[in-house]
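Here's the structure, in structure tokens; my notes come after.
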Amino acid sequence: AAVASAVAATGDWALPLASGDDYELCFCVPPKCRAELPVLAKGAGIAVTPVGRIIAGAGLVCIGPDGSAIELAASGFDHFPTPRAS
């Protein structure tokens, strides 16, 4: 609730999108199985929240609740950095 209040007050999505210590599992579900997910989650006693979709192309585009793109000044930890040339 505190993070949601901060975003509502400032419009700054950097905290929830680029901060650490976010211990949620992010996973993909094929579109044909999307309708089954809430039923399976409820049966398992867990909450799931759709947060996006995978589309062809490179990079990450964050879209806010109003449908506009969110420009991020910071990014989170890069778990898959491009190897540096020796």
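In this text the structure is predicted, and so the values were computed from the model without any measurement.
In plain terms, the two heavy atoms of Ala6 and Thr10 that are nearest each other are O-OG1, 2.8 Å.
A search for side-chain contact (heavy atoms from CB on, under 4.5 Å) contacts involving Pro31 returns nothing, not counting sequence neighbours. By the side-chain contact (heavy atoms from CB on, under 4.5 Å) test, Ile63 pairs with Val61, Ala69, sequence neighbours left out.
Residue-environment remark: CD1 (Ile54) stays at or below the threshold of 12 foreign heavy atoms within 6.0 Å.
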